[in-house]
> 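Handing you a structure now.
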Amino acid sequence: MTVKKRLLRTAVLALLGIAIGVGVGIYQMNFQNARVVNQEGQRPAGAMDIAGTQVGGPFTLTNQDGERTTEATFAGDYKLIYFGFTYCPAICPTELQKMARTLRILEQGNPELAQKIQPIFISVDPGRDTPEVVKDYIGLFHPRLVGLTGTEPQVEQVKRAYRIFATKVQTEEMQDYTVDHSSFTYFMGPDDEMLGIYRMNDTAQDMAADIENKMRRAENTSSAG
Ligand code: NI
């Protein structure tokens, strides 16, 4: 009786030991996997992991050729979207050049992926940025860049949808107003889901790497499912 109990206890403890060992092993494997995924996700320096954040939605604007343009115009495209204004002295041109450089990196390394991305500039200064002005401006950056502007309420609406802050600023010394505005480049997926936000300190290399990574993952998921 006591011997049986002792044997049983030993067997139970042994099984428990194995179970704990296996459990720890699985936990460590998961932890390592989690770290790999994490490191992969963090590879591009400043890219934020914000997938699933509610940004975007319906809008009605006018493109550089005076054509009515809505979110449906770009249905099924990946989109790189930058909000700014053509009179912006420094930051907008820098960020749009960076967007163009990002596309060129992707075009060289991955022409098929690059072709699926529509670059878009949206004006936050509808008072001065007419379609003609926008057309001249976007030509400086990338041949496929689309430039959108609209009426004051149309621009307000798209700013709200994309959570863009932009406001006119004029001091007494200034001949004309300027526009203080947020400077983000949004990376949106084919179903208008936000895949990434890039900031001023992200380089074109960071952005291209992050975009390629996310597109490969998305394309694999959709072809597997
Ligand atoms: Ni600007």
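One-based numbering, in listed order, for ligands and for the atoms of each.
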> Could you note down all residue pairs passing ring pair (Phe, Tyr, Trp, His ring centres under 6.0 Å) where residues 148-172 supplies at least one of them, sequence neighbours left out?
Phe83-Tyr162, Tyr162-Tyr186

> Would you call Glu156 and Lys159 a salt bridge, taking side-chain N to carboxylate O under 4.0 Å as the test?
yes

> Taking atom types as modelled and ignoring hydrogens, do the side chains of Asp176 and Tyr87 form a donor-acceptor contact shorter than 3.5 angstrom?
no

> Any salt bridge between Lys135 and Glu132, counting N to O under 4.0 Å?
no

> Looking at the rings of Phe141 and Phe121, which for Trp means the six-membered one, are their centres under 6.0 Å apart?
no

> For the Ni ion (ligand 1), state how many protein N, O or S atoms fall inside a distance shorter than 2.8 Å.
3

> Roughly how far, to the nearest 0.5 Å, is the CZ atom of Arg101 from the OG1 atom of Thr94?
9.0 Å

